[in-house]
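Since this is a predicted model, take the numbers as computed values, not measurements. Just so you know, these numbers use all the heavy atoms, side chains as well, and skip hydrogens, waters and symmetry mates. Chain letters run A, B, ... following the sequence lines, proteins first, then strands; residues in each count from 1.
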Amino acid sequence: MSETTDKKDFIREIIDGDLASGKHETVITRFPPEPNGYLHIGHAKAICLNFGLAQEHARVKAKCHLRFDDTNPSKEETEYVESIKEDVKWLGFDWGENLYFASDYFEYFYDCAVELIKQGLAYVEDDSLEEVRAKRGNVNTPGRRSECAERSVEENLDLFARMRAGEFKNGEKVLRAKIDMAAPNMNMRDPVLYRIMHAHHHNTGDAWCIYPMYDFAHPLEDAKEHITHSLCTLEFEDHRPLYDWFIEHCPVPSTPRQIEFSRLNINYTVMSKRKLLQLVQEGHVAGWDDPRMPTISGMRRRGYPPEALRSFVVGTGITKFKGTTDVAVLEHEVRDYLNKEAPRRMAVLDPVKVVLENWDEQPMDTASVPNHPQNPDMGERQIPISSEVYIERDDFMEDPPKKFFRLGPERYVRLRGGHIIQCTGYDKDADGQVSLIKAKILPDTVGQDAPEGVKCKAAIHWVDAATSVDAEVRLYDRLFNCEDPDGAEGGFLSALNPDSLATVQAKVEPALADCEAGFSCQFERTGYFVADSKDHAPGKPVFNRTVALRDSWGKQSGR
RNA sequence: AGCCUCAUAGUGUAAUGGUAGCACCCCGGAUUUUGAUUCCGUUAGUCUAGGUUCGAAUCCUAGUGAGGCUACCA
């Protein structure tokens, strides 16, 4: 699937309209994460949208800012700032000079608040959180305004200055906008602008003890940066009137417009930062970048290429419809990219030794194996081979059914890139498990079709017993085995897949050995892909073994 | 209950008054030194009822269904 599209979603329509009408001469967007967790695939949608818009409008010098919305010091950490930058870069986007922190505007926010007070549009509230809540009413009943709303401008100015000066304790006072306590939109019932929080801020240290609320700060941040189109998710729809109210009543250098779109939902996946944090803190996963996590860093470690993530989120489109995308679409994009771009390697996850009894009849030092079956430009590699090789346990059956095409007593199969072999016998251990397979090579079958009368329909993975490398391979599956973990009866933790991680002692070809701590992901049809654990770079070798997971010969399954 | 938003195959998304198309999933066939890939094919859709119009997924009205809002989170 293409990463670019001619299709115009409603946001692009609006932007084109604004450009055409002359309302704006350029487009400036922003990606404004709060640094309180790692980025996940849902953020990738916002990143691709905002940065993508800037790229598409390069002709009018469009830009996309990276802005950390760090107005709540109790939840934010520098570690998250760094990981977010890394993930945005890895996804393939560049904010250039345009890196900002909401906390750098604290003085400006303060000035705006003072200005609102002077206009009689904001007041200092003495009521406790509980009282404020009780007086706000609910969706059916209008709220009651506190007596504090009657304070004079001078008194409010004085009180607000003393809030900043640290004269009050947390929760003792709060600054509110004076709007409409009977508004059907609850956000307009005298929303809180500033709260007192004696806390250390990752950027401003101890300079402040009052911090602005999102609703107040965000439109001002956008205006300050001359953002033309402020894109956010659907849950902020009801906040837009408030957004516009602040733009109207504060001294702003520009008038940004908020536009909402639907956030990304994927089945078998939890996307809330709170839940992801819980998975990390309670040790259900190894960390934010555990390959099973839907985080950008987790997917990176799992071998998902950034190209696939981008084409996936672009493909799901921008709408206001709240749907759930099938995780199979994501997996398809990953497979699609890896299939085209990744050089192939061989590995055996559950090895059984095969002795080639007549090796002397046509011995080879190396087998020549193409690095990519459809792309000769990737060349071939020479893999050492000798009279003893390992093959996958699943590739041999003592009593194979009719449509099993691989090895069995008297049967033929090709060693990929090598000879066709025929099984001549096998040993079993005390447990009845096959411990050794004996076979003979058919001379003159390397690179040749099967001779007359030889039924050989499959080519299997193998590694040389003498030169293969032992490797611990971790196999990853979906973290949740329930389509809607958020809606699981026993909570999302009860939907955790106990088999999401398995470790096997595999034997891999030497060329795969540099993929240290290799891991794989299991796709329903495609079997395993193994990539490097640190990063997926273009051209990184991939172990792509295909087995019949949904077999045509019967019920037994590949895994 | 009040306000806001949304509704197109199983899923996601196009079609801005003119033949409802694409992708994923599913199923079938051909090719194949990965049971993969590739190629071809099948199934399947405009929430309901009215209205405007030569013509409606699209515009209007009502209804139904789904989601959001009652943090000193973002």
S.K.: What pair of heavy atoms forms the shortest contact from A:P485 to A:C482, and how long is it?
M.R.: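 Between these two residues, the closest heavy atoms are CD-O, 3.4 Å.
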S.K.: A:K457 has an atom NZ; how far is it from atom P of B:U31, in whole Å?
M.R.: 9 Å
S.K.: Using the side-chain heavy atoms of A:R136, tell me which of these nucleotides is nearest: B:U11, B:C72, B:A74.
M.R.: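 Nucleotide nearest to A:R136's side chain: B:C72.
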S.K.: Go ahead and name the base partner of B:G55; Watson-Crick or wobble counts if both distances stay under 3.5 Å, otherwise write none.
M.R.: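 Base partner found: none.
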S.K.: Please report, rounded to the nearest Å, how far the P atom of B:C73 is from the CG atom of A:L193.
M.R.: 13 Å
S.K.: P atom, B:U61 versus B:U19: distance in rounded Å?
M.R.: 26 Å
S.K.: Measure from the side chain of A:K75, starting at C-beta and using heavy atoms only, and say which of B:A74, B:U13, B:C73 lies closest.
M.R.: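 So the nucleotide nearest the side chain must be B:C73.
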S.K.: With both distances under 3.5 angstrom, what nucleotide forms a Watson-Crick or G-U wobble pair with B:G50?
M.R.: B:C60
S.K.: Is there a donor and acceptor pair closer than 3.5 Å between the side chain of A:D326 and the base of B:G12?
M.R.: no
S.K.: Is A:R406 paired with A:E392 through a side-chain N to carboxylate O contact shorter than 4.0 Å?
M.R.: no
S.K.: Taking all non-hydrogen atoms of both residues, which atom of A:H201 and which atom of A:N203 are closest, and how far apart?
M.R.: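 Answer, listing the atom of A:H201 first, then A:N203: ND1-N, 2.8 Å.
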S.K.: Return the minimal non-hydrogen interatomic distance between A:F396 and A:C423, and the atom names on each side.
M.R.: CE1-SG, 3.8 Å
S.K.: Which nucleotide, B:G2, B:C73, B:A36, lies nearest any side-chain atom of A:N140?
M.R.: B:G2
S.K.: Looking only at atom P, what distance separates B:A15 and B:G67, rounded to whole Å?
M.R.: 27 Å
S.K.: Given B:C72, B:G68, B:U33, which nucleotide is nearest the side-chain atoms of A:M213?
M.R.: B:C72
S.K.: What integer number of Å spans the P atoms of B:C22 and B:U42?
M.R.: 11 Å
S.K.: Nearest whole Å is fine: how far is B:G68 C1' from A:F321 CZ?
M.R.: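 Atom CZ in A:F321 sits about 14 Å away from atom C1' in B:G68.
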S.K.: Strictly below 4.0 Å, N to O, side chains only: are A:R240 and A:D215 in salt-bridge contact?
M.R.: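 Salt bridge flag = no for A:D215 with A:R240.
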S.K.: In the structure shown, which nucleotide is the Watson-Crick or G-U wobble counterpart of B:C69, with both distances under 3.5 Å?
M.R.: B:G2
S.K.: Nearest to the A:V174 side chain among B:U38, B:C72, B:U33, which nucleotide is it?
M.R.: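 The answer is B:C72, which lies nearest to the side chain.
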S.K.: Quick one, A:R30 with A:S230, criterion side-chain hydrogen bond (donor to acceptor under 3.5 Å, both in side chains). Give me CA distance, side-chain angles, the key distance, then yes/no.
M.R.: CA-CA 7 Å; A:R30 103 267 94 113; A:S230 178; 3.0 Å; yes
S.K.: On RNA chain B, nearest-nucleotide positions of A:S262 versus A:V329: which is more 5'?
M.R.: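 Going by which nucleotide is closer to the 5' end, it is A:S262.
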S.K.: At less than 4.0 Å, is any side-chain N or O atom of A:T71 found next to OP1 or OP2 of B:A74? Yes or no.
M.R.: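 It does, given that an N or O in the side chain of A:T71 lies less than 4.0 Å from OP1 or OP2 of B:A74.
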S.K.: To the nearest Å, how far apart are A:D449 CG and B:U32 P?
M.R.: 9 Å
S.K.: Which heavy atom in A:F404 sits nearest to a heavy atom in A:D394, and how many Å separate them?
M.R.: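 Closest heavy-atom pair between A:F404 and A:D394: CZ-O, 3.6 Å.
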S.K.: Determine the interatomic distance between P on B:G10 and the same-named atom on B:A44; round to the nearest Å.
M.R.: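 These two P atoms come out 10 Å apart once rounded.
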S.K.: Please report, rounded to the nearest Å, how far the P atom of B:G35 is from the CZ atom of A:R335.
M.R.: 15 Å
S.K.: Using the ring pair (Phe, Tyr, Trp, His ring centres under 6.0 Å) definition, which of the options A:Y105, A:F106, A:F109, A:Y194 pairs with A:Y211?
M.R.: A:F106
S.K.: Using both distances under 3.5 Å as the test, list the Watson-Crick or G-U wobble partner of B:A36, or none.
M.R.: none
S.K.: The side chain of A:P184 is closest to which nucleotide in this list: B:C3, B:G68, B:U5?
M.R.: B:C3
S.K.: For B:G41 versus B:C24, give the span between their P atoms, rounded off to a whole number of Å.
M.R.: 14 Å
S.K.: Taking CG from A:N36 and P from B:A71, how many angstroms apart are they, rounded to a whole number?
M.R.: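 Whole-Å distance recorded here is 20 Å.
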S.K.: Can you tell me if A:R195 touches the phosphate of B:A74, counting only side-chain N or O atoms and a distance under 4.0 Å to OP1 or OP2?
M.R.: yes
S.K.: Strictly below 4.0 Å: does A:R240 bring a side-chain N or O up to OP1 or OP2 of B:C4?
M.R.: no
S.K.: Starting at the 5' end of RNA chain B, which residue's closest nucleotide do you reach first, A:P370 or A:E237?
M.R.: A:E237
S.K.: Mind checking the P distance from B:U8 to B:A74? Whole angstroms is fine.
M.R.: 34 Å
S.K.: For the side chain of A:R133, counting heavy atoms from C-beta on, which of B:G68, B:G35, B:A71 is nearest?
M.R.: B:A71
S.K.: In whole angstrom, what separates A:F68's CZ from B:A74's P?
M.R.: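 The answer, rounded to whole Å, is 16 Å.
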S.K.: Nearest of B:C24, B:C3, B:G12 to any side-chain atom of A:A328?
M.R.: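 Selected nucleotide: B:C24.
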S.K.: Can you check the distance between B:A23 and B:U43, where both ends of the measurement are the P atom (answer in whole Å)?
M.R.: 15 Å
S.K.: Does B:A15 sit syn or anti, given that only angles within 90° of 0 count as syn?
M.R.: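 What B:A15 shows is an anti base, its glycosidic angle lying more than 90° from 0.
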S.K.: Find the distance A:E260:CD to B:C69:P and express it as a whole number of Å.
M.R.: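 Answer to the nearest Å: 14 Å.
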S.K.: Taking only the side-chain heavy atoms of A:K320 (C-beta and beyond), determine which of B:C24, B:C6, B:G68 contains the nearest atom.
M.R.: B:C6
S.K.: With a 3.5 Å cut-off and heavy atoms only, can you find an N or O donor on one side and an acceptor on the other between the side chain of A:Q374 and the base of B:A36?
M.R.: yes
S.K.: Is there a side-chain contact between A:T316 and the phosphate of B:U13, meaning an N or O under 4.0 Å from OP1 or OP2?
M.R.: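 Looking at the OP1 and OP2 atoms of B:U13, neither is under 4.0 Å from any side-chain N or O of A:T316.
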S.K.: Distance between the P atoms of B:G51 and B:A57, in whole angstroms?
M.R.: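 15 Å, rounded to whole Å.
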